[in-house]
Amino acid sequence: MTWEFDGQIKRLEGKIQWRVVYFPESALDCFGTKGSVPVKITVDGQAFEHTLLGSRNGHYFVYNEFIHRAVGKEIGDIVRVTLTKDDAPRIFTTPPVLEKILKEHGVLDAFLKQPDYLKREQVNKIELAKKEETKRNRIQKLVELFGGSFLAEQCD
């Protein structure tokens with residue numbers, strides 16, 4: 001089943017200051033769970049794999065930096081959302097350039113042993129960097145996190 005709705009970008013209440021869009025239905029009624037729900041969404045026509053997360057105010061998805069860059073709307077703006085449950089297994093794939101660098105520094109196996117959500121978070125942080133220098137610095141920190149040594153020119 002597909003749900004279509006207009007949602008307002010809001011600030012999540014609490015300590016985490018995420019931008020979010022609330023799902024207007026009950027996740028328990030729609031998906032049979034109060035927990036997280038993997039979904040495919042479009043936001044103003046831009047497609048993403050995402051997750052509905054539960055809160056005391058209902059389920060929401062994070063209006064993250066990838067969506068923000070694609071859509072360009074801010075807190076308070078309305079977005080058009082289509083949403084379907086995603087029953088396909090989510091498989092993390094390391095970007096080839098990063099995989100090569102991690103392998104060259106002998107830390108690929110340690111990186112791959114992490115849960116997928118951590119790997120995704122680390123890769124996203126690198127990919128969201130606007131400057132190449134920032135990307136290199138973030139890759140260097142990732143290599144060093146797993147005990148590797150890093151020379152910046154090895155990243156090029």
Side-chain angles (χ1 to χ4, degrees), residues 1-99 101-102 108 110-146 155:
M1 182 169 192
T2 300
W3 288 266
E4 287 191 51
F5 60 95
D6 290 327
Q8 184 178 32
I9 304 165
K10 298 180 176 184
R11 183 72 65 191
L12 184 65
E13 293 179 16
K15 292 180 182 178
I16 301 174
Q17 293 296 301
W18 288 340
R19 296 170 293 194
V20 300
V21 176
Y22 282 92
F23 182 59
E25 306 288 334
S26 161
L28 184 58
D29 293 344
C30 295
F31 307 112
T33 184
K34 291 181 180 181
S36 300
V37 181
V39 293
K40 290 185 179 183
I41 60 172
T42 64
V43 180
D44 285 355
Q46 303 292 320
F48 304 93
E49 281 187 350
H50 223 317
T51 304
L52 283 180
L53 302 170
S55 75
R56 66 175 173 252
N57 297 327
H59 276 66
Y60 62 86
F61 66 86
V62 177
Y63 183 82
N64 62 27
E65 189 62 24
F66 290 108
I67 298 172
H68 180 255
R69 287 183 184 184
V71 175
K73 292 188 176 174
E74 302 294 338
I75 291 176
D77 291 340
I78 303 295
V79 290
R80 183 71 181 161
V81 178
T82 60
L83 180 146
T84 58
K85 185 175 181 192
D86 186 3
D87 291 318
R90 299 254 170 115
I91 300 170
F92 175 81
T93 304
T94 307
V97 171
L98 181 61
E99 184 174 343
I101 292 167
L102 295 175
L108 179 61
F111 173 78
L112 293 174
K113 286 180 184 175
Q114 299 182 104
D116 284 352
Y117 79 92
L118 283 177
K119 292 183 281 196
R120 255 187 227 100
E121 192 174 286
Q122 291 161 339
V123 168
N124 288 348
K125 185 174 182 178
I126 292 166
E127 290 179 346
L128 286 171
K130 294 177 183 171
K131 297 179 181 177
E132 285 304 312
E133 178 183 359
T134 304
K135 283 184 183 187
R136 278 194 300 276
N137 290 340
R138 291 178 181 177
I139 292 170
Q140 176 179 350
K141 287 180 183 175
L142 185 61
V143 167
E144 291 170 351
L145 175 69
F146 296 108
C155 188

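Small disclaimer: the values here were computed from a predicted structure and weren't measured. Computation of the quantities below employed the complete heavy-atom set of this structure, encompassing side-chain atoms and omitting hydrogens, waters and symmetry-equivalent molecules.
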Asker: Would you say F23 and V39 make side-chain contact, with heavy atoms under 4.5 Å?
Answerer: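 No; the side chains remain at least 4.5 Å from each other.
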Asker: Within the structure provided, determine whether V71 and Y63 are in side-chain contact (heavy-atom separation under 4.5 Å).
Answerer: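 A side-chain contact exists here, since the closest heavy-atom pair is under 4.5 Å.
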Asker: Atom CG in D86, atom NZ in K40: separation rounded to 0.5 Å?
Answerer: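 NZ of K40 is found 4.5 Å from CG of D86.
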Asker: Which distance, rounded to the nearest 0.5 Å, do you find between the CD1 of I139 and the CG of L145?
Answerer: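 So the CD1 of I139 and the CG of L145 are separated by 13.5 Å.
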Asker: At their closest point, which heavy atom of Y60 faces which heavy atom of V20, and how far apart are they?
Answerer: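 Distance-wise, the nearest heavy atoms are CD1-CG1, 3.4 Å.
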Asker: Which residue pairs pass the salt bridge (Lys or Arg N to Asp or Glu O under 4.0 Å) test when at least one of the two sits in residues 59-77, sequence neighbours left out?
Answerer: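 Every pair satisfying salt bridge (Lys or Arg N to Asp or Glu O under 4.0 Å) with a residue in residues 59-77: R19-E65, D44-K73, E65-R69.
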Asker: With the side chain counted from C-beta on, respond yes when K85 and V37 share a heavy-atom pair under 4.5 Å apart, and no when they do not.
Answerer: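 Yes, at least one pair of side-chain atoms sits under 4.5 Å.
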Asker: Within the 4.5 Å heavy-atom criterion, are L98 and L142 side-chain neighbours or not?
Answerer: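 Yes; the side chains approach each other to less than 4.5 Å.
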Asker: Just so I know, are the side chains of S55 and Y22 near enough to count as touching, which here means a heavy-atom distance under 4.5 Å?
Answerer: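 When only atoms from C-beta onward are counted, Y22 and S55 do touch, with a gap below 4.5 Å.
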Asker: Using side chain to side chain contact (heavy atoms under 4.5 Å, CB included), reason through F48 and N64 one step at a time and then give a plain yes or no.
Answerer: CA-CA 11 Å; F48 304 93; N64 62 27; 5.6 Å; no
Asker: Any side-chain to backbone donor/acceptor pair from K119 onto F111? Under 3.5 Å, distance only.
Answerer: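 Between the backbone of F111 and the side chain of K119 there is no qualifying donor-acceptor contact (under 3.5 Å).
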Asker: In the structure I gave you, are the side-chain heavy atoms of V79 and I67 within less than 4.5 Å of one another anywhere?
Answerer: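 SC-SC contact between V79 and I67 ruled out.
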Asker: Just by modelled atom types, is the H50 backbone N or O under 3.5 Å from a matching donor or acceptor in the R90 side chain?
Answerer: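 The answer is yes, because a donor-acceptor pair under 3.5 Å joins these two groups.
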Asker: Measure the spacing between OG1 of T33 and CG of L28 and express it to the nearest 0.5 Å.
Answerer: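 The distance works out to 7.5 Å.
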Asker: Does any non-hydrogen side-chain atom of L102 lie less than 4.5 Å from one of F146?
Answerer: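 The answer is no; the side chains never approach within 4.5 Å.
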Asker: Which pair of non-hydrogen atoms, one from Q17 and one from L12, has the smallest distance, and what is that distance?
Answerer: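 Heavy atoms only, the tightest pair is NE2-O, 4.0 Å.
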Asker: Side-chain contact test, heavy atoms from C-beta onward, threshold under 4.5 Å: evaluate it for R136 versus E132 and give yes or no.
Answerer: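 Side-chain contact under 4.5 Å: yes.
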Asker: Where is the tightest heavy-atom contact between L108 and E99, given as atom of each residue plus distance?
Answerer: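 That closest heavy-atom pairing would be CD2-CG, 3.8 Å.
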Asker: Consider side chain to side chain donor-acceptor pair (under 3.5 Å). Of R138, Q114, E127, which one does Q122 pass it with?
Answerer: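 Only match with Q122 under side chain to side chain donor-acceptor pair (under 3.5 Å): Q114.
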Asker: NE2/H68 to CD1/I75 distance, rounded to the nearest 0.5 angstrom?
Answerer: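 Going from the NE2 atom of H68 to the CD1 atom of I75 covers 9.0 Å.
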Asker: Could you tell me the separation between the NZ atom of K131 and the CG atom of N137, rounded to the nearest 0.5 Å?
Answerer: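 Going from the NZ atom of K131 to the CG atom of N137 covers 10.5 Å.
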Asker: Roughly how far, to the nearest 0.5 Å, is OG1 of T93 from CZ of R120?
Answerer: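 Result: 9.0 Å between the selected atoms.
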Asker: For Q8 and G76, indicate whether the former's side chain and the latter's backbone hold a donor-acceptor pair under 3.5 Å.
Answerer: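 Judged by distance alone, yes, a pair lies under 3.5 Å.
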Asker: Between H59 (side chain) and T51 (backbone), is there a donor-acceptor pair under 3.5 Å?
Answerer: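 Such a contact is absent between H59 side chain and T51 backbone.
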Asker: Minimum heavy-atom separation for G7 and V21, please, with both atom names.
Answerer: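 Reported closest heavy-atom pair: CA-CG1, 3.9 Å.
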